[in-house]
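Here the structure comes first, spelled out in structure tokens, and everything after it is commentary.
Computed from heavy atoms alone, side chains included, the values below leave out hydrogens, waters and symmetry copies. Residue numbering restarts at 1 for every chain, and letters A, B, ... go by the order of the sequence lines.
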There are 2 protein chains.
Amino acid sequence: MPEAQSPTRKRIVDAATRLFYAEGIGRVSVDAVAEEAGLTKRTLYYHFKSKDDLIAAYLDGRDQPNLKRMAGWFDASEGGADRKVEAIFANLAKAAHHPKWKGCGFLRTAAELASMPGHPAIKVGSRHKSNFETWLAGALSVRGVEEPQALAREIVLLIDGCFSIMLIHRNPDYIEAAGRAAATLVRARIASDQV
Amino acid sequence: MPEAQSPTRKRIVDAATRLFYAEGIGRVSVDAVAEEAGLTKRTLYYHFKSKDDLIAAYLDGRDQPNLKRMAGWFDASEGGADRKVEAIFANLAKAAHHPKWKGCGFLRTAAELASMPGHPAIKVGSRHKSNFETWLAGALSVRGVEEPQALAREIVLLIDGCFSIMLIHRNPDYIEAAGRAAATLVRARIASDQV
DNA sequence: TTGTGTATATTCACTAGTCAGTATACATAA
DNA sequence: TTATGTATACTGACTAGTGAATATACACAA
């Protein structure tokens, strides 16, 4: 039985992360991942029992880094809750300019696996998105927003909306529009006259 | 040269539509499409020059039906612009209950082809999403909403957001939340005190 | 009416390559 | 000796796309 913290395992996950995010899980073979990691397929299969397992491990490895990145953008920005939320979108737009940017790995994997709702990787994705929503609700709650959970969910919908539509239009105007919509929704929960 | 309106061609596109939507473009072979259509692969390649072409034809065939469906929901519902927009989400939630529902074929295809931004199928998807956004802006404009184009874009973001996140969580509460957020955004453009 | 030509539409058999996963063997270290 | 890890080489199934032949239908001419 392989070690959970093995450096070899980490090398494999890192290689899988680069390739799966760049090309999509269906377009990357296990052979390609092994070669990218600089070892043989047999070694990969010593550490992972199947490609499906490897895909789940890839997403699992992105959970905390993605969360910390978003929280960092939120915390680093000035202003009230509406400005902090808008800052997430502004930074997303900056990231989307990078030529290697290909949207959200969690959403793209879920789209590829839409016919297999119980796939382990989708469970990992569901957990990640819930983690983010929960963190955002907490961060909004601290700033005295009304119904922070409902608001967090609405913002999540806008974020995932622009992740997806950016892959179709490749036009950052959509991220800006999403940021403005999110700020409007935040303000609707600060000025309590709007339900 | 094959005919553009050939009934055989239509049979192939119909078969491709069933399989590509159900399984995803990457998980369906050209052989499988040919078999589903009840003809040989060589015949399929007589009518389409490549699998990529066939994928684009699949999406192209979904453009008008999808548009008409959404417009039908909007037109059939009672009430002001906010209620009509909410009706789109309510009907989406109903559709999502069907066991064969697998989200939006355009978005899922774009996610699978994220590494090929110039792919013909992505262009078809981009056109379709623009068509919808333009139609919605017009429908909102007629009802005296302020900045109908900006509002239409925000609603599109929420629709595509719940299409995507539904594939991760499979929880219709997200569609309901998106519908409420959309109604809030519509009202913000009716009561002109909110910019 | 029969024959010939031609464009469209279709089939069977095939290529060259890739896929996920495995059998076998051999290291190294506790 | 046992556990952990790696390498070579392989399997059977599947992949997109193609070559060569043929079926079908409709033209026009004898």
Side-chain angles (χ1 to χ4, degrees), chain A residues 1-59 108-109 112-113 115-116 118-122, chain B residues 1-59 109 112-116 118-122:
Chain A
M1 208 187 311
E3 247 187 277
Q5 297 298 349
S6 145
T8 303
R9 190 193 141 100
K10 178 169 164 21
R11 250 171 73 205
I12 297 169
V13 172
D14 287 350
T17 299
R18 288 192 294 276
L19 297 183
F20 284 157
Y21 181 74
E23 302 289 333
I25 57 164
R27 305 178 87 84
V28 173
S29 68
V30 175
D31 295 80
V33 174
E35 192 187 334
E36 172 84 9
L39 36 77
T40 65
K41 182 156 60 164
R42 196 64 192 82
T43 300
L44 189 152
Y45 273 101
Y46 177 76
H47 291 272
F48 298 92
K49 79 169 206 287
S50 66
K51 185 183 183 184
D52 289 332
D53 248 41
L54 177 59
I55 295 165
Y58 144 57
L59 288 187
R108 278 172 56 211
T109 302
E112 285 200 57
L113 299 176
S115 63
M116 310 165 74
H119 193 287
I122 293 192
Chain B
M1 205 188 311
E3 246 187 278
Q5 297 298 348
S6 146
T8 303
R9 190 193 141 100
K10 179 170 164 20
R11 250 172 73 206
I12 296 168
V13 173
D14 287 349
T17 299
R18 287 191 294 276
L19 297 184
F20 284 158
Y21 181 75
E23 302 290 333
I25 57 164
R27 305 178 85 85
V28 173
S29 68
V30 175
D31 295 80
V33 174
E35 194 187 333
E36 172 84 9
L39 34 77
T40 65
K41 180 157 60 167
R42 201 65 187 81
T43 300
L44 189 153
Y45 273 102
Y46 177 78
H47 291 271
F48 298 91
K49 79 169 208 288
S50 65
K51 185 183 182 183
D52 290 332
D53 249 39
L54 177 58
I55 295 166
Y58 144 56
L59 289 186
T109 302
E112 285 200 56
L113 299 175
S115 62
M116 310 165 74
H119 194 287
I122 293 193

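Contact check for Glu23(A) versus Met116(B): no side-chain heavy atoms found under the 4.5 Å cut-off.
Remark: C1' of dC12(C) and CG of Leu44(B) are 16 Å apart, rounded to the nearest angstrom. One can place CG of Asp31(B) at 13 Å from C1' of dT15(C), the figure rounded to the nearest angstrom. One atom, CG of Leu39(B), and another, P of dT22(D), lie 21 Å apart when rounded to the nearest Å. Taking atom CZ of residue Arg9(A) and atom P of nucleotide dT6(D), one finds them 13 Å apart after rounding to whole Å. Here dA9(C) presents its P atom at 18 Å from NZ of Lys49(B), a figure rounded to the nearest Å. In this structure, Phe48(A) places its CZ atom 16 Å from P of dT22(C), rounding to the nearest Å. Per the geometry, CG belonging to Leu54(A) stands 10 Å off P belonging to dA20(C), to the nearest Å. If you measure from atom CD of Glu35(B) to atom P of dC14(D), you get 11 Å, rounded to the nearest angstrom.
Comparing Arg27(B) and Pro7(A), the nucleotide of DNA chain D nearest to each residue sits closer to the 5' end for Pro7(A).
Taking only side-chain nitrogens and oxygens, His47(B) never comes nearer than 4.0 Å to OP1 or OP2 of dT8(C). Taking 4.0 angstrom as the limit, Ser29(B) places none of its side-chain polar atoms (N or O) nearer than this to OP1 or OP2 of dC14(D). Between Tyr46(B) and the phosphate of dT10(C), there is no side-chain N or O to OP1/OP2 separation shorter than 4.0 Å.
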Indicate every side-chain donor-acceptor pair of residues 51-58 of chain A with a distance under 3.5 Å to a residue at least two apart or in another chain.
unit_1	atom_1	unit_2	atom_2	d
Lys51(A)	NZ	Ile25(A)	O	3.0
Lys51(A)	NZ	Val28(A)	O	2.8
Asp52(A)	OD1	His119(A)	NE2	2.8

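Other residues, nucleotides and ligands place no more than 12 heavy atoms under 6.0 Å from the CD atom of Glu35(A).
Here the side chain of Ser6(A) is nearest to one of dG5(D), dG21(C), dA7(D), namely dG5(D).
Within 3.5 Å, a donor on the side chain of Arg42(B) pairs with an acceptor on the base of dG19(D), or the reverse. Interface remark: the Lys51(A) side chain does not form any donor-acceptor pair with the dG21(C) base, using a distance-only criterion of under 3.5 Å.
In this structure a side-chain-to-backbone donor-acceptor pair under 3.5 Å is missing from Thr43(B) to Leu39(B).
Among the protein residues, Thr43(B) comes within range of the nucleic acid bases, having at least one heavy atom under 4.0 Å from a base atom. Residue contacts shown for Val33(B) are absent, as no nucleic acid heavy atom lies under 4.0 Å away. Among the atoms of the strands shown, only primed sugar atoms or phosphate atoms (P, OP1, OP2) are found under 4.0 Å from some heavy atom of Thr8(B).
Ion pair Asp14(A)/Arg18(A) not flagged as a salt bridge, since none of the NZ, NE, NH1 or NH2 atoms sits closer than 4.0 Å to an Asp/Glu carboxylate oxygen.
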